[in-house]
Amino acid sequence: MKRKTMKKIKRSHLLPALAILAFYSLFMVVSACDSSTSPKTGTLTGRVELVNDTGNPELDPVDFSGVRIAIYELTTLDTTITRINREYPHIGVMIGQETEFDHRDSMPIYKTITASDGSFSQGSVTIGRYNVVISKENWGIRYFHDIPIESGANELNSILNKVNAGTSVKESIILYPKIALSGSIQSNYEFESNKTYLIDDDMIVIGDAVLCEGTRIEINYMKNMIINGSLSADCSSMGTYSLVTSASDSLDEIAQFGGIVVNGNTTLVNCIIENSLGGIKMNGSESTVSNCVIRKSSGGMAFENNERVDISNSIASVIRDAIPSIYTSSGGFYALRCDEVSIDNVVLHSNTAGVKIKDYCDAQVRNSFFVLNNYGVESYASLTTIENNVLEKNGKYDVRVCGGEFDPVIQRNYLLSDKGICIGLDMNFNYYDCTPIIHDNNFRDNEVAMHIIGFNRFDVDASMNYFYTSDAEMIKTLIIDRDDFVYHGHPNMVLDSTGKINYTPFRSFPVLGAGIE
């Protein structure tokens, strides 16, 4: 009996021990899982200085406290434009966080403020890359793009200096007072680097104006900036963009500023203009635009009565007429009565009209990509050569030409939209009798390749193009001209006096050398 009792006692002690061992093993497994699946984090630190260089002692800061540090996720880049960047890296602008990020589009995921000495520390930031925005009421705002956060400590000043390694640039995080402007400035004016300006009422600069790299100009709703002299951009090899935008906290159309007018010569490099009603109008004798972006506005870049216009490696995106109509009022890039116009290596995306050339211009539109516009290229009564472009998914027509006196040339393009080329403007005597020369183009996936309308009474030479078929009857269905005249109501806008499109002979193979070079 005694032996049996001892066995029972040993077993009774063994069971709790086994249970404790099993629990401990499970705890270790769960702890290991928690540590392996929990995100790794880092801490972002730095120091901000407030510098009053205005000469007004009332703006001297008491200390450096209260500066807001906001950390944002990277903005999502437009997939259409990034595809174009990959396929044709030599055209347009290579977009990234600097060109696309706007803090007004989203909410920060981490935020903190500075202490009295300007220092800040934001812990528990999941490792990754972020945009950092530093601002203070009545002071400027600065963006720092694509900042890497690693495990442990991350000092923002050191990160910025590492980015600038090999250059003489030593990045300090300095905010200056926001400078309010309005009325008339009687002399030349320079918008300085890394400073924020607020144009709170209409402003006129009597002399010349300079946009230094990294400047930010905010313009109030419906207010305008007029420059009677020249406008130029002062940019270094660092390539930081200057920005002109709406002063509103909202990016809705109702918050757009009025516009910019330059009456002297213009040289714009590394400049972004957005959220305006009128865009920018350049009225001098010469205008040069390179590596610029204009977007989300009712008016684009307009050039009027210039002797020479040169536009290269730029983007016009989401320039939409305020009132939709068969007649476009502006364009991403719009030249009116200019002697010579050269537009090369640009991207036109989601505009009412990508490029618009009007009234006695001698223009070249080359090596550019037109996508998702209502009209890709428009030429009104101008000698316009449209060559070596790609035109894709444009809603109305890839190309619209109208107006007599000149013979526009359309050659070596890829036309990939439902509707290719429209010859004529309307059913009235507006810009009629246009006779373009249309050769050596590749027409693909078109419902209508070419359409001549209204009082365009002369036949059009459109031979030696390729339609991705050698079936003459099939090609004929892609052409709308006098042969398609229907009396009742003119549903296809063709009259019995409308001209014919002579599309024969046509090619049996694609045109080599068509599209962007």
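Position 1 is the first residue of the sequence; numbering continues from there. These values consider heavy atoms only, across backbone and side chains, with no hydrogens, waters or symmetry-generated copies.
In terms of modelled atom types and a separation under 3.5 Å, the side chain of Asn456 and the main chain of Gly454 share no donor-acceptor contact. Looking at Asn351, its side chain does come within 3.5 Å of a backbone N or O of Ile319 through a donor-acceptor pair. Under a 3.5 Å cut-off, the side chain of His90 and the backbone N or O of Glu517 do form a donor-acceptor pair. Thr352 places a side-chain N or O within donor-acceptor distance of the main-chain N or O of Asp321, the cut-off being under 3.5 Å. Remark: side-chain polar atoms of Ser350 are not paired, donor with acceptor, to backbone N or O of Val318 under 3.5 angstrom. Checking side-chain atoms of Thr196 against main-chain N and O of Gly140 turns up no donor-acceptor pair under 3.5 Å. In this structure a side-chain-to-backbone donor-acceptor pair under 3.5 Å is present from Tyr143 to His103. A donor-acceptor pair under 3.5 Å is formed between the side chain of Asn492 and the backbone N or O of Asp484. Between the side chain of Asn265 and the backbone N or O of Ser287 there is no donor-acceptor pair closer than 3.5 Å. Side-chain atoms of Asn388 come within 3.5 Å of backbone N or O of Gly515 as a donor-acceptor pair.
Between the side chains of Tyr468 and Asp445, not a single donor N or O lies within less than 3.5 Å of an accepting N or O.
How far CD1 of Ile294 is from CE of Met301: 5.0 Å, rounded to the nearest 0.5 Å. In this structure, the separation between CD on Glu378 and CG on Asn373 is 10.0 Å, given to the nearest 0.5 Å. Note: Asn345 CG to Arg366 CZ = 10.0 Å, rounded to the nearest 0.5 Å.
Relative orientation of the Tyr197 and Tyr189 rings is perpendicular, given thresholds of 30° and 60° on the angle between their planes. A perpendicular orientation is assigned to the rings of Tyr380 and Tyr431, their planes being inclined by more than 60° (bins at 30° and 60°).
Residues Phe101 and Tyr72 place their aromatic rings such that the two centres sit under 6.0 Å apart. Taking the centre of each ring, Tyr466 and Phe443 stay at or above the 6.0 Å mark.
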When you look at Ser382 and Lys358, which way does the side chain to side chain donor-acceptor pair (under 3.5 Å) test go after all the steps?
-> CA-CA 6 Å; Ser382 293; Lys358 191 166 185 269; over 6 Å; no

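A salt bridge is defined here as a Lys NZ or Arg NE, NH1 or NH2 lying under 4.0 Å from an Asp or Glu carboxylate O, and Glu286 with Arg308 fails to meet this definition.
The side chain to side chain contact (heavy atoms under 4.5 Å, CB included) test with Phe303 is passed by exactly one of Val341, Thr266, Leu336, Val289: Val289. Screening Val244, Ile199, Thr245, Asn220 for a side chain to side chain contact (heavy atoms under 4.5 Å, CB included) with Phe257, the sole residue that qualifies is Val244.
For the pair Lys195 and Tyr176, the distance from NZ or CZ to the six-membered ring centre is under 6.0 Å and the angle to the ring normal is within 45 degrees.
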